Amino acid sequence: MSPSLQLALRYVFSRKRTMMMSLLGIVFGIAFFIVSQAQTSGFQKVFIDTILGTSGAIRISDRFQDNETTINKVSTDGKTHFIFKNRENSRFIDGIDHPAEIIESLSNFPSVIGISEILETIGRLNSHSRGQSVQVHGLRIQDHIKVSNIENQLIQGSIENFEKDRMGILIGYRIAQRLNIKLGERVNLVGTKKNFQLRVSGIFETGASEIDKKRIYIDLSTARSLIGKRFGGSILQLALSNVNNAPDVAKQIQESIGHRTVSWQEREKVWLDVFKALRISSAITVSCILLLSGLGMFNVFAIMVIEKTRDIAILRSIGFSPRDVSSVFLWQGTIVLIAGIILGVIAGAIATYIISQIPLSVRGIFSTDKFAVNWDISHYLTAVFIAALCVSVASWIPARRASRIEPAKIIRESI
Amino acid sequence: MDIPLLQVHDLSHSFLEGDERVNALRGVSFEAIAGELTSIVGPSGCGKSTLLYLLGLLDQPDSGEIIIDGKEISKSNEEQRTMLRNQSIGFVFQFHFLIKELTAVENVSLPAQKKGLSKKIALEKASDVLCKLGLESKRERFANKLSGGEQQRVAIARALVNSPALLLADEPTGNLDSANSENVFELLQNLAREQNIAVLMVTHNEEIANRCDKIISIRDGLIIN
Ligand SMILES: Nc1ncnc2c1ncn2[C@@H]1O[C@H](COP(=O)(O)OP(=O)(O)O)[C@@H](O)[C@H]1O
Ligand SMILES: [Mg+2]
């Protein structure tokens, strides 16, 4: 242990009360930072899980038919090498006409781990007592399981029932409530061309109330008959091995197949931006606690350098270099910082756990029954980094001042 | 002991006070021999402390030479000066300047630890020095729980722990009663004799000054004897 560190320890422990105040500031700052990030990112995560579980990572829909004015050269790894585009003569086409071809070319994208073809239309769902308009999604359930979280969203019934029964239907729980429909009951679905008697094989809750209120799932072929269209007009919903890459992958897919391809980040940008703003603003607010405790600590050290000028002069006279003198103060900052980090991280983790147990019911853009928290090491590292930054500045400036003290001058003046 | 341990040639130092230059030392030359106790006397403000701080490398002279053990040191760099202060020069001030958060023995061990000794060995060494100065029972006391005379002896122990060749004392008895003054004087005299140290001591006490091996009288920044 260097003499500077020994001295630093003694100085810190001989000023327990002042040091405790600085320490508490750091502990609270770190703990609050961790808790606030855990909460905001916890709710964000629930939201993202909800949107990925309902609408998937990427959706491919309409296309601009371009009369030979786009030339694409796509290599086998899915990366586009050159493109010439001219949209002036483009013709807009609703949905996908030849899904098989597109599914084929998507095999060039190894990160795509699931593809579900969906035919979207509207219809009217009637129970024995009332009816309402609904968004009809025709799909193949085994494909759709791979690109959504429908299995876990079912609160009644089962996927097997739905799969077995070509006349099965899955309905959002708010529809079931509103139309007073029970599992296994028959309902009447009216489409543009036909109508069907269907049996409710499941009721789901996604947490997104727009979906729970409006959406129903039926088999793709049933949906086609409903609108009297034997092919075309569908969209593709994709699952990715790494959802964070969705914007890049979507861009590549769009460039290579010419269809509008939208990642979840682009699709849900508004809400994601809201969450981002919340996280950043709470990070800034809470960083102020750390900044303030840094200021307090700066004050403590600045006063201590003045109080200790004689000690500093004497240390210089017995062979401490200016750097040794400054390290006495830097060590003090480090000691308080390390104690603050350890206690702050523990306090933050405990507080996060306690908050995660608080019952809280949220419905709307997602659903949760408890305070959502997200355990992420990056929150802890960021908190530690900000604390370290504040403490470094707070101890570095006084330490530098200490190292510049002229010993002869101080000794002379104190006689 | 023919070659003097310390040679000082034509040392000058001035201060800027406002726009005026105060010449505190105006060409001082003398020698000090290992094993001798030299007193420095003169009226207040004549430049005694200034001389001692220059010799202790706490300040740099305007001109002149300080030679310790044949080496010119007044113009050496900060790193060398720090090392010389640590290992070759001991300094004792009128006020003891102990660090009150440390015990007596820890205060004394600091220069030894700074020199590179392990904490354990440095503490043992510090303990030995304190024993020699009759402070065995006060080793574990915190500095501010010692009497003035004891504190000054601890400060002397701290100056001695690295066995310096040169010990500089600026009015070490100035703040002590006559019994303690006598005590400290005898201590310095014995150290010079027994450990072969060149001791330079500033004092206002004429009686003490006259008992030293040599007296340097300063007036207005010049040596007058
Ligand atoms: N930092 C300083 N600035 C200006 N003048 C100083 C300074 N230090 C000492 N002096 C002047 O230098 C002269 C010598 O001072 P000093 O060596 O302390 O005297 P002594 O120790 O003999 O009493 C005095 O006139 C004093 O006023
Ligand atoms: Mg003086």
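Sequence lines set the chain letters: A, B, ... in the order given, protein chains first and strands last, and positions in each chain run from 1. None of these values were measured; they are calculated from a predicted model.
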Residue selection (most heavy-atom pairs with chain A, distance under 4.5 Å) from B:L54, B:T50, B:V161: B:T50
Proximity breakdown for A:K308 and chain B, heavy-atom pairs closer than 4.5 Å: side chain
Chain B contact via A:S321 - side chain, backbone, both or neither, heavy atoms under 4.5 Å: both
Neighbour count above 12 (heavy atom, 6.0 Å) for B:K75 NZ: yes
Contact check, side chains of B:E106 and A:Q6, non-hydrogen atoms, under 4.5 Å: no
Student check: side-chain heavy atoms of B:L98 and A:I314 closer than 4.5 Å: no
Basic-acidic side-chain contact under 4.0 Å: A:R316, B:E78: yes
CD/A:Q357: more than 12 non-hydrogen atoms of other groups inside 6.0 Å: yes
Contact summary for B:L110 and A:P3, nearest pair of heavy atoms: CD2-CB, 3.9 Å
Atom CZ of A:F28: over 12 foreign heavy atoms under 6.0 Å: no
A:I411 and B:F97, any side-chain heavy atoms less than 4.5 Å apart: yes
Spacing of CG belonging to B:L168 relative to OG belonging to A:S317, to within rounding of 0.5 Å: 10.0 Å
Residues, nucleotides or ligands: over 12 heavy atoms within 6.0 Å of B:E65 CD: yes
For chain A, which residues of residues 113-129 of chain B have heavy atoms nearer than 4.5 angstrom: B:Q113, B:K114, B:K119
From A:I312 atom CD1 to B:I99 atom CD1, the distance as rounded to the nearest 0.5 Å: 9.5 Å
Stepwise side-chain contact (heavy atoms from CB on, under 4.5 Å) check, B:D59 with A:R412: CA-CA 11 Å; B:D59 225 338; A:R412 203 191 298 274; 3.7 Å; yes
A:R323 atom CZ, neighbour heavy-atom count above 12 within 6.0 Å: no
Approximate separation, where rounding is to 0.5 Å, of B:F15 CZ and A:K409 NZ: 11.0 Å
Value rounded to 0.5 Å, distance of CG in A:L7 from CD in B:E101: 8.0 Å
Heavy atoms from other residues, nucleotides or ligands near CZ of A:F385 exceed 12 (cutoff 6.0 Å): no
Side chain to side chain, A:I318 and B:N162, heavy atoms closer than 4.5 Å: no
For A:A394, side chain to side chain contact (heavy atoms under 4.5 Å, CB included) partners two or more places apart: A:M297, A:F298
Considering all heavy atoms, the nearest B:L58-A:A408 contact: O-CB, 3.5 Å
B:M83 CE: over 12 foreign heavy atoms closer than 6.0 Å: no
